[in-house]
Amino acid sequence: AELRGSAGMGGGRESVRHRQRREAHFLLAHNDMTKRVQLSPEAVRQKFRSIDRRNPGCFGVLSCVKMQVNELYDPPSHPWCKGPKCCIPWPAVGTCVTWISYAAWRRRDPVVWQLVVGGADPTISDHAPAGCGPLGLHTALRSMTSRSVVYAISQVVRMRSLANRDAYFWERRSGHGGGSGASDTAAVSGGHVEEVSGDAGAPPVLHVASPPPPGEPAGRCDACGCSAPHLLPRPAAALPAAACGYMLRCQPCGCACCERCLWRVLCDPPDGEWEERGQLRCARCRLAIVSPGQPDDTEALDEL
C-alpha cells in the first residue's frame, strides 16, 4: 500500500514504510522520548539473544523509537555459564548493562551502530546511570563516520571491563573484597592451582603460584581532578546524578581519565592537523588511546 505525499519535488508517492521511518528520524532528531515504552522481561531477554545472534534487524529505527533503549539490565548469562547468572567472577560488562554496551562488549558492531542511530546513549553505565556525556553528544556522534563511532564505543566498553577486572583482583589481594577460600585464590591467580596430596584421609593442600599483586586502581582523574571509588559492588542508587562514570587507565600514556572527560574530548573538534575526527584520546595529554587487549570470552573463562 502506498500513500500520496510530498516525498519528491513534484509530490510523488511515498510508501507507508518510508513515511514511518521519516517520522521516526524526526522524533530522534528532536529527542522526543515520550512515545517510548518499557519492554517486558521476556522481550528484554529476546533482545539480548538477538545481540548474541548478531541480528541488528531487531534494533532498527522503527523499533528503537518505540522502546526504551537506555535502560540498565542485569547482564545475561551465556551457554558456557550453565545457569541464569554469568559465571565470570568480576562484572565483565558491569553490575548492570545497557544494550549498546553489551553489544560493544560482544563485538556486535552493526548492532552498536543501529542503537546509536536509534538514540542510545553509550555513556550510561552502572557507574553513571544518568550518563556522563557532554551536551550534544548524539549530534556529535552522528556527525562522525559509523566506523569511528563504533570503534570508540568499543574501546570505552573494553576499558570498563579491564577496570572492573583490575578492581576485582586488587580487592581480593588487599582483603577488601571479602573473598576467601581456594576458589577466590584460584580466580585471582588466573586459575593456576597445584594440588598436593597430604596425609591419608586429610584434605589436599592447594598451592597457588601467584603473580605480583596489582597496584591500586586509579581513583582520581588526571584531567579534571574528579574522584570515583572503585570498590565493588557499587550500587547505582548511591551515585550522584552528575557522576563522572568509570575511572579508566589510558594506554599507552598511562594517564587516569574519567569517562566524562574521554567523551568530551571525543566530541571536541580536532586540536591540530595531527588529530583525527572521531578518535578516542587521553583527556590529559591528548595522546591517541590504543585499544586495550582483551581475551575472548571463552579464553577469559579458561583462565579462571
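No experiment lies behind these values; they were computed from the predicted model shown.
- Smallest separation of non-hydrogen atoms from I100 and A120: CD1-CB, 4.1 Å.
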Exercise for the section: Check the pair R264, R260 against side-chain contact (heavy atoms from CB on, under 4.5 Å), reporting the backbone distance first and the verdict last. Expected result: CA-CA 6 Å; R264 173 181 54 79; R260 183 171 56 192; 5.8 Å; no
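- Follow the hydrophobic side-chain contacts under 4.5 Å out from L162 and you never reach M247; the two are in separate clusters.
- W263 approaches G133 most closely through the heavy-atom pair CB-CA, 4.3 Å.
- Residues S143 and R277 bring a donor and an acceptor atom of their side chains to less than 3.5 Å of each other.
- When every heavy atom of S101 is checked against every heavy atom of P122, the shortest pair comes out as OG-O, 4.4 Å.
- Atom CD of Q46 and atom CD1 of I51 lie 12.0 Å apart (nearest 0.5 Å).
- The closest side-chain donor-acceptor pair between Q279 and E275, if any, does not fall under 3.5 angstrom.
- The backbone N or O of C58 lies less than 3.5 Å from a partner atom in the side chain of K47, making a donor-acceptor pair.
- For the pair C267 and L137, the minimum side-chain heavy-atom distance is below 4.5 Å.
- Linking ILVMFWY residues whenever their side-chain heavy atoms come closer than 4.5 Å, directly or via other members, leaves L115 and Y151 in distinct clusters.
- Counting only heavy atoms from C-beta outward, the side chains of D52 and R106 approach each other to under 4.5 Å.
- Within the model, atoms CG of D126 and OG1 of T95 stand 3.5 Å from one another, a figure rounded to the nearest 0.5 Å.
- In this structure the side chain of T98 never reaches within 4.5 angstrom of the side chain of Y102, judged on heavy atoms.
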Handout entry: Stepwise side-chain contact (heavy atoms from CB on, under 4.5 Å) test for C250 and L262
Key = CA-CA 10 Å; C250 303; L262 291 184; 4.2 Å; yes
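- Nearest approach of V156 to E259, heavy atoms of both residues: CG1-OE1, 3.5 Å.
- Residues P252 and L287 meet the side-chain proximity criterion, which asks for heavy atoms closer than 4.5 Å.
- Ring geometry for Y246 versus H127: interplanar angle under 30°, hence parallel rather than tilted (30 to 60°).
- For the atom pair SG (C226) and CZ (R220), the distance works out to 8.0 Å, reported to the nearest 0.5 Å.
- The closest side-chain heavy-atom distance from F59 to R108 is not below 4.5 Å.
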Handout entry: Pair W105-R158, side-chain contact (heavy atoms from CB on, under 4.5 Å): steps then yes or no
Key = CA-CA 7 Å; W105 184 68; R158 292 172 188 171; 5.7 Å; no
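- Contact annotation: the side chain of E71 approaches that of Q38 to within less than 4.5 Å [non-hydrogen atoms, C-beta and beyond].
- Between V93 and V157, the closest side-chain pair of non-hydrogen atoms is not below 4.5 Å.
- With L266 as the partner, the side-chain contact (heavy atoms from CB on, under 4.5 Å) test is satisfied by one option alone out of Q155, M144, R281: M144.
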Exercise for the section: Run the numbers on C244 and C221 for side-chain contact (heavy atoms from CB on, under 4.5 Å), then give the verdict. Expected result: CA-CA 9 Å; C244 58; C221 178; over 6 Å; no
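- Within 6.0 Å of CZ on R286 lie more than 12 heavy atoms contributed by other residues, nucleotides or ligands.
- The two atoms that bring A163 and L248 nearest to each other are CB-CD2, 4.2 Å, heavy atoms only.
- No side-chain heavy atom of P75 sits less than 4.5 Å from a side-chain heavy atom of P91.
- No donor-acceptor pair under 3.5 Å is formed between the side chain of N164 and the backbone N or O of A92.
- In this structure, SG on C132 lies 8.0 Å from CG on D121, to the nearest 0.5 angstrom.
- Linking Ile, Leu, Val, Met, Phe, Trp and Tyr residues whenever their side-chain heavy atoms come within less than 4.5 Å leaves L141 and V265 in two separate clusters.
- One hydrophobic cluster holds both I289 and I153 under the rule that ILVMFWY side chains link at heavy-atom gaps under 4.5 Å.
- For the residue pair Q68 and Y73, the shortest heavy atom distance occurs at O-OH, 4.2 Å.
- To the nearest 0.5 Å, atom CD of residue Q251 and atom SG of residue C253 are 7.5 Å apart.
- Here the CG-OG distance, from L39 to S63, works out to 9.5 Å after rounding to the nearest 0.5 Å.
- A chain of hydrophobic side-chain contacts below 4.5 Å, direct or via other Ile, Leu, Val, Met, Phe, Trp or Tyr residues, connects V111 to V116.
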